[in-house]
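Data first, discussion second: the structure below is written as structure tokens.
We use all heavy atoms of the structure for the numbers below, so side chains are in, but hydrogens, waters and symmetry mates are not. Note that the structure is predicted; figures quoted are calculated from it, not measured.
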Amino acid sequence: MKYNIEGLEVEEKDGEMILNMGPHHPSTHGVCRLVLKLEGERAKEIIPVIGYLHRGVEKICENRTYPQIIPITDRMDYLSAMNNNLVYCLAVEELMGIEVPERANYLRIIAAELQRIASHLIFIATFGADFGSWTIMMYGFREREMVLDLLEEMSGARFLYSYMRIGGVKRDVSEKFVEQCKKTLNIIEKRLVDYENYINENEILLDRLQGVAKVSAKEAINLGLTGPNLRASGVAYDIRKVDPYCIYDRFDFDIVTRKEGDVYARVMVRIDEIKESIRIVRQALRELPDGEIRAKVPKVIKPPAGEVYARVESPRGELAVYLISDGKSDKPYRIKFRTPAFANLAAFPHFNKNLLIPDLLLSFASIDIVMGDIDR
């Protein structure tokens, strides 16, 4: 029997079964639909079907003024709103030749790295839920709440921040925030030991994660994997190091990699990246200078005619924006977002063939997709 799935013809042979996983399924991490061609309980073919959350973000942005676009970027990768804000502001600033004040750059780094910690914590929590571990799930959400307290103190919001501004940031931080941040980072750093022990001393968990859905460094590059998924295969590529933005070149931190390229490696890379983010935030707090938090920009922003490509390292990988200005309008002529979750989902079917369904669920969780980042 033949089926037409979103314009793609799929044939079901004897002994095979076509099964929908999602789009409304907890393990699909949002409204993603995976069409599985099964032979017994093994997935012989995987077809991701997306578009259930499509909102036309890019076209909406092209009909908004440059400052009005910032709150829209919050709603793409809603677990990494700060980085979405940042990459867009960097693009406009480069087009206009705006120099961001020193203090604002430090605050941007603090916000972006706290966001990375919060995002990786919710990854660990939801991964625990997919594995069936209530303990690790509660651990992740417990620590994430503490980070959200800090982001709320910075921006006034708890989830969709709109904290970045063209030329700087929305508001300054107090000494109370600095002290609270230091205490929170100390607590999280100590509790990460519990995360590692929980995973590395659990024979069942290790058996389920190690050697599953392996991707070599060459395959990861060829498939276009990005972020922690790429680094888990041993590729030391991080935008913060290879193409530093803001003032990342001033900070001492390492690119975290693992050689295994399996589900276990993809989990552990994110735990290690939390430690590196803690290092960066501590340095930024220690060196935080006095001064302005926002450059002087025109009340009506009309960048000169031209095009620009800006990119950052989001918690899910390389996040970029391509922006075109016609030099006449206060709205962009064209805006295009390059999102990491889209690239990682596109690669997913190629390294997960022949997996059992329970293993497929954990592998899917390990690539850490956010559907708002994919559909847009």
Side-chain angles (χ1 to χ4, degrees), residues 1-13 15-54 77 123 126-127 130-131 208-235 258 260-267 269-270 316-318 338-376:
M1 186 177 291
K2 293 183 179 180
Y3 297 90
N4 187 287
I5 300 169
E6 301 294 318
L8 184 67
E9 194 172 86
V10 180
E11 185 177 0
E12 184 183 75
K13 298 178 182 177
E16 295 179 341
M17 179 175 66
I18 303 296
L19 179 72
N20 281 307
M21 192 178 90
H24 299 290
H25 188 289
S27 294
T28 57
H29 294 251
V31 282
C32 181
R33 173 183 167 207
L34 296 179
V35 179
L36 309 178
K37 182 192 281 189
L38 300 176
E39 189 176 274
E41 284 196 40
R42 291 194 181 274
K44 308 299 287 185
E45 190 174 348
I46 305 161
I47 304 170
V49 181
I50 63 175
Y52 295 98
L53 196 62
H54 180 64
D77 181 352
F123 161 79
T126 54
F127 188 87
D130 286 335
F131 176 70
R208 292 288 309 278
L209 304 186
Q210 291 180 332
V212 175
K214 293 185 71 172
V215 188
S216 69
K218 184 178 180 180
E219 287 173 329
I221 294 169
N222 290 340
L223 289 172
L225 283 173
T226 184
N229 299 311
L230 177 64
R231 295 188 284 274
S233 294
V235 182
R258 290 261 173 172
E260 301 92 338
D262 54 10
V263 174
Y264 173 79
R266 292 193 279 276
V267 173
V269 157
R270 290 177 172 91
R316 266 150 288 284
E318 184 172 340
R338 188 273 186 200
T339 57
F342 186 91
N344 291 332
L345 179 62
F348 179 77
H350 300 281
F351 62 89
N352 287 277
K353 291 179 181 178
N354 296 315
L355 283 187
L356 293 169
I357 291 178
D359 292 336
L360 183 70
L361 294 179
L362 292 183
S363 178
F364 191 74
S366 76
I367 65 169
D368 191 23
I369 64 164
V370 172
M371 288 311 297
D373 201 45
I374 293 170
D375 285 341
R376 299 192 300 284

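- For the salt bridge (charged side-chain N to carboxylate O under 4.0 Å, His left out) test, residues two or more places apart in sequence or in another chain that qualify with Asp77 are Arg316.
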Can you list, pair by pair, the side-chain donor-acceptor contacts under 3.5 Å of residues 216-227, counting residues two or more places apart and other chains?
{"unit_1": "Ser216", "atom_1": "OG", "unit_2": "Glu219", "atom_2": "N", "d": "3.1"}
{"unit_1": "Ser216", "atom_1": "OG", "unit_2": "Glu219", "atom_2": "OE1", "d": "3.3"}
{"unit_1": "Glu219", "atom_1": "OE1", "unit_2": "Ser216", "atom_2": "N", "d": "3.0"}
{"unit_1": "Asn222", "atom_1": "ND2", "unit_2": "Lys218", "atom_2": "O", "d": "3.3"}
{"unit_1": "Thr226", "atom_1": "OG1", "unit_2": "Glu318", "atom_2": "N", "d": "2.9"}

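- A search for salt bridge (charged side-chain N to carboxylate O under 4.0 Å, His left out) contacts involving Arg231 returns Asp238, Glu273, Glu313, not counting sequence neighbours.
- The closest side-chain heavy-atom distance from Ile369 to Phe364 is below 4.5 Å.
- Interatomic distance, Leu34 CG to Asn20 CG, rounded to the nearest 0.5 Å: 9.5 Å.
- With a 4.5 Å cut-off on side-chain heavy atoms, Asp130 and Leu361 do not count as touching.
- Minimum interatomic distance between Met371 and His29 (heavy atoms only, all atoms of both residues): CG-O, 3.8 Å.
- Taking Arg258 as the reference, Asp272 meet the side chain to side chain donor-acceptor pair (under 3.5 Å) condition, with sequence neighbours excluded.
- In terms of heavy atoms, Gly51 sits closest to Asp375 at N-OD1, 2.8 Å.
- With sequence neighbours left out, Ala232 forms a side-chain contact (heavy atoms from CB on, under 4.5 Å) with Ala265, Arg266, Val269.
- With rounding to the nearest 0.5 angstrom, the NE2 atom of His54 is 9.0 Å from the CZ atom of Arg376.
- Within a 6.0 Å sphere centred on CZ of Phe342, other residues, nucleotides and ligands contribute 12 heavy atoms or fewer.
- One finds the CG atom of Asn344 at 4.5 Å from the CG atom of Asn229 (value rounded to the nearest 0.5 Å).
- Going from atom CD of Glu45 over to atom CG of Leu38 covers 11.0 Å, rounded to the nearest 0.5 Å.
- In plain terms, the two heavy atoms of Tyr52 and Val31 that are nearest each other are CD1-O, 3.5 Å.
- With a 4.5 Å cut-off on side-chain heavy atoms, Phe127 and Leu209 count as touching.
- The line from OG of Ser366 to CG of Asp262 is 9.0 Å long, rounded to the nearest 0.5 Å.
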Evaluate Val212 against Leu362 for side-chain contact (heavy atoms from CB on, under 4.5 Å), listing each step before the verdict. CA-CA 9 Å; Val212 175; Leu362 292 183; over 6 Å; no

Under 3.5 Å, which donor-acceptor pairs do the side chains of residues 346-358 form with other protein atoms, sequence neighbours left out?
{"unit_1": "Asn352", "atom_1": "OD1", "unit_2": "Ser363", "atom_2": "OG", "d": "2.4"}
{"unit_1": "Asn352", "atom_1": "ND2", "unit_2": "Phe348", "atom_2": "O", "d": "2.7"}
{"unit_1": "Asn354", "atom_1": "OD1", "unit_2": "Lys44", "atom_2": "NZ", "d": "2.9"}

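- Between the CG atom in Asp368 and the OG1 atom in Thr126 there is a gap of 6.5 Å [rounded to 0.5 Å].
- Contact annotation: the side chain of Ile374 never approaches that of Cys32 to less than 4.5 Å [non-hydrogen atoms, C-beta and beyond].
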